[in-house]
Engineer: 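Structure incoming, see below.
Treat the numbers as computed from the prediction; the structure is a model and nothing was measured.
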Amino acid sequence: MSDATGATSEKIEGIVVGVDGSEQSRCALRWAEREAQRRGSVLNVVSAYTIPVFAASSMDAGYSTLDDDLIRGGAEDIVRQARAELEGSPVTIRTYIESGDPAGVLLDLSEDADLVVVGTRGRGGFVGRLLGSVSSALPAHAKCPTVVVPLCMAKEQQAQEPTPPEREHIVVGVDGSDRARMAVLAAAEAAVARQLPLRVVCAVAPVSAALAWMPATVDQEAVLEDVHYQMDVGYRWLKSHFPDLELETDVVLGPPVEVLIRESERAVLTVTGSRGRGGFAGMLLGSTSQGVLHHSKGPVMVVPDMEDPRLANRNDFDTRANEE
């Protein structure tokens, strides 16, 4: 396949990474290349651009558009730089340039891709729109998991330490919802691929910190007992599908966003669902996912609501449900 072709008209396979020439996108590019090596996947490097229209400030002036060739030329330079960055990689690399809204382009590609990777923010220019709002909008609507790579990973990459000593495991946040269970399955697959332990964390906000309308009769101990029970059910269910996985579960008192941000400091990858229990289907992204994306100390994978046959036997391990 020739370089710099259109991608949305073809069936994309493997990993898609959005680039815009920023340092953040370089971090995302290097992370995606290593992930493609782990998976034995094709790496699709995509740059998207739009032609901005400017209204003239004076009454007698019309509208003008930047020359398409000029903008596309900038995108071509970005793609060439990305390929040069990955020179010598054993991964099959395909490059594409798309004209259109960057978030829409990546969303379309997520229909067939296994994973989409972006940086936290882009350059802020025209072509640079790719990684600005995209890192917030894309995970909410993508059809496959999305990984957002923060700029803070740059020093680790420059030191050529894909798995720094202080990062020892993969962590996933759960809240008992089906979306969280999909995130757990994706996190388990990532942990097995890296031969790392998986830490499953459920954050429980103290009752005293809850909303004022919370009934006074709510028993914090009873809540924690139920959460621990559900975590045990989830542990046995997950081990039934990943028997060799080194697995740890933990219930932590505290706001979910704060807990997961703290967990991300020592995690190779932090995984969360797009929306958790009680989330509204029309929301851009769940509040926990948004907070973690904005402040995580490492890469974050957001897993959409998908169907998976492994979800079917979860209740087989729930003795309370079976007794009812």
Engineer: To the nearest 0.5 angstrom, please state how far the OG1 atom of T120 sits from the CD atom of E23.
Structural biologist: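 Answer for the OG1-CD pair, T120 versus E23, is 10.5 Å.
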Engineer: Is the backbone N or O of S25 less than 3.5 Å from a side-chain atom of D20, with the two atoms forming a donor-acceptor pair by type?
Structural biologist: no
Engineer: Just so I know, are the side chains of V252 and R262 near enough to count as touching, which here means a heavy-atom distance under 4.5 Å?
Structural biologist: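 Touching, per the 4.5 Å side-chain cut-off.
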Engineer: Do V149 and V171 sit in the same hydrophobic cluster, where Ile, Leu, Val, Met, Phe, Trp and Tyr count as joined when their side-chain heavy atoms come under 4.5 Å apart?
Structural biologist: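 Different hydrophobic clusters.
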Engineer: Check for me, please, whether V204 and V233 land in the same ILVMFWY cluster - side-chain distances under 4.5 Å, paths through other members count.
Structural biologist: yes
Engineer: If hydrophobic clusters are built from ILVMFWY residues whose side chains come within less than 4.5 Å, do V271 and V257 share one?
Structural biologist: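 Different clusters.
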Engineer: Is the closest side-chain donor-acceptor distance between Y229 and D318 under 3.5 Å?
Structural biologist: yes
Engineer: Taking the side chain as every heavy atom from C-beta outward, state whether L293 and P139 have any pair of such atoms under 4.5 Å apart.
Structural biologist: yes
Engineer: Can you give me the closest heavy-atom contact between A183 and G273, atom names plus distance?
Structural biologist: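 Shortest heavy-atom separation between A183 and G273 comes out as CB-N, 3.8 Å.
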Engineer: Drop me the distance from R314's CZ to L238's CG, to the nearest 0.5 angstrom.
Structural biologist: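 These two atoms lie 10.5 Å from each other.
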Engineer: Where is the tightest heavy-atom contact between L269 and A190, given as atom of each residue plus distance?
Structural biologist: CD2-CB, 4.2 Å
Engineer: Heavy-atom distance under 4.5 Å between the side chains of I97 and E76, does that happen here?
Structural biologist: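 With C-beta onward as the side chain, the pair touches.
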Engineer: Determine, step by step, whether D308 and M182 satisfy the side chain to side chain contact (heavy atoms under 4.5 Å, CB included) criterion, reporting the C-alpha distance in whole Å, the side-chain angles of both residues, the deciding distance to 0.1 Å, and the verdict.
Structural biologist: CA-CA 8 Å; D308 192 298; M182 277 305 309; 3.5 Å; yes
Engineer: Hey, does the side chain of N44 reach the backbone of I15 with a donor-acceptor pair shorter than 3.5 angstrom?
Structural biologist: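 Yes, the answer is positive, given that a donor and an acceptor are paired below the 3.5 Å cut-off.
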Engineer: V201 and W237: same hydrophobic cluster, using ILVMFWY side-chain contacts below 4.5 Å?
Structural biologist: no
Engineer: Write down the atom of S47, the atom of I78, and the distance for their closest heavy-atom approach.
Structural biologist: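 Closest approach of S47 to I78, heavy atoms only: OG-CG2, 4.2 Å.
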Engineer: Is the closest basic N to carboxylate O distance between E35 and R39 below 4.0 Å?
Structural biologist: yes
Engineer: Once rounded to the nearest 0.5 Å, what's the spacing between atom CG of L138 and atom NE2 of H141?
Structural biologist: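 So the CG of L138 and the NE2 of H141 are separated by 9.5 Å.
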Engineer: Under the criterion side chain to side chain contact (heavy atoms under 4.5 Å, CB included), I'd like the reasoning laid out for L247 against K239: C-alpha separation, chi angles, the key distance, then a yes or no.
Structural biologist: CA-CA 8 Å; L247 181 61; K239 288 291 284 186; 3.9 Å; yes
Engineer: Between V17 and V46, is there a side-chain heavy-atom distance shorter than 4.5 Å?
Structural biologist: no
Engineer: Would you be so kind as to tabulate the donor-acceptor pairs closer than 3.5 Å made by side chains of residues 84-91, with sequence neighbours excluded?
Structural biologist:
residue: E85; atom: OE1; partner: R26; partner atom: NE; Å: 3.3
residue: E85; atom: OE1; partner: R26; partner atom: NH2; Å: 3.2
residue: E85; atom: OE2; partner: R26; partner atom: NH2; Å: 2.9
residue: S89; atom: OG; partner: E33; partner atom: OE2; Å: 2.5
residue: S89; atom: OG; partner: V91; partner atom: N; Å: 3.2

Engineer: Could you tell me whether the side chain of T270 reaches within less than 4.5 Å of the side chain of E263, counting heavy atoms only?
Structural biologist: no
Engineer: Passes side chain to side chain contact (heavy atoms under 4.5 Å, CB included), V116 versus C144? Steps please.
Structural biologist: CA-CA 7 Å; V116 176; C144 70; 3.7 Å; yes
Engineer: For the atom pair NZ (K297) and CG (L260), what is the distance rounded to the nearest 0.5 Å?
Structural biologist: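 Answer for the NZ-CG pair, K297 versus L260, is 13.5 Å.
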Engineer: Distance from T92 atom OG1 to R94 atom CZ, nearest 0.5 Å?
Structural biologist: 7.0 Å
Engineer: I'd like to know if E248 pairs up with R199 as an ion pair, taking the criterion as any Lys NZ or Arg NE/NH1/NH2 lying under 4.0 Å from an Asp or Glu carboxylate oxygen.
Structural biologist: yes
Engineer: Looking at side-chain heavy atoms only, is the closest gap between M301 and V303 below 4.5 Å?
Structural biologist: yes
Engineer: Answer yes or no: is there a donor N or O on one side and an acceptor on the other, between the side chain of D101 and the main chain of G104, under 3.5 Å?
Structural biologist: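 Pair found, side chain donor or acceptor close to backbone of G104.
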Engineer: Within the side chain of T95, is there an N or O that forms a donor-acceptor pair under 3.5 Å with the backbone of V45?
Structural biologist: no
Engineer: Would you compute the distance between atom CD of E258 and atom NE2 of H295 and round it to the nearest 0.5 angstrom?
Structural biologist: 10.5 Å
Engineer: Closest approach of S274 and P304, non-hydrogen atoms and distance?
Structural biologist: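 Shortest heavy-atom separation between S274 and P304 comes out as OG-CA, 4.0 Å.
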Engineer: Whether the side chain of S110 engages the backbone of K143 through a donor-acceptor N/O pair (distance < 3.5 Å, no angle test) should be reported.
Structural biologist: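 Side chain of S110 to backbone of K143: a pair is present.
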Engineer: Does the side chain of Y49 reach to within under 4.5 Å of the side chain of E98, using non-hydrogen atoms?
Structural biologist: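 The answer is no; the side chains never approach within 4.5 Å.
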Engineer: Are V184 and F317 linked, directly or through intermediate hydrophobic residues, by side-chain heavy-atom contacts shorter than 4.5 Å (ILVMFWY only)?
Structural biologist: yes
Engineer: Apply side chain to side chain contact (heavy atoms under 4.5 Å, CB included) to the pair R310 and L185, showing each step before the final yes or no.
Structural biologist: CA-CA 8 Å; R310 292 173 293 187; L185 290 172; 4.0 Å; yes
Engineer: Of the non-hydrogen atoms in V200 and M231, which two are nearest, and what is the gap between them?
Structural biologist: O-CE, 3.5 Å
Engineer: Heavy atoms, side chains only, cut-off 4.5 Å: are T249 and V174 in contact?
Structural biologist: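 With C-beta onward as the side chain, the pair stays apart.
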Engineer: Please name the pair of heavy atoms, one in P145 and one in L115, separated by the smallest distance, quoted to 0.1 Å.
Structural biologist: O-CD1, 3.4 Å
Engineer: Quick check: are there more than 12 heavy atoms from other residues, nucleotides or ligands sitting under 6.0 Å from CD of Q37?
Structural biologist: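 Yes - once you tally the heavy atoms of other residues, nucleotides and ligands closer than 6.0 Å, there are more than 12.
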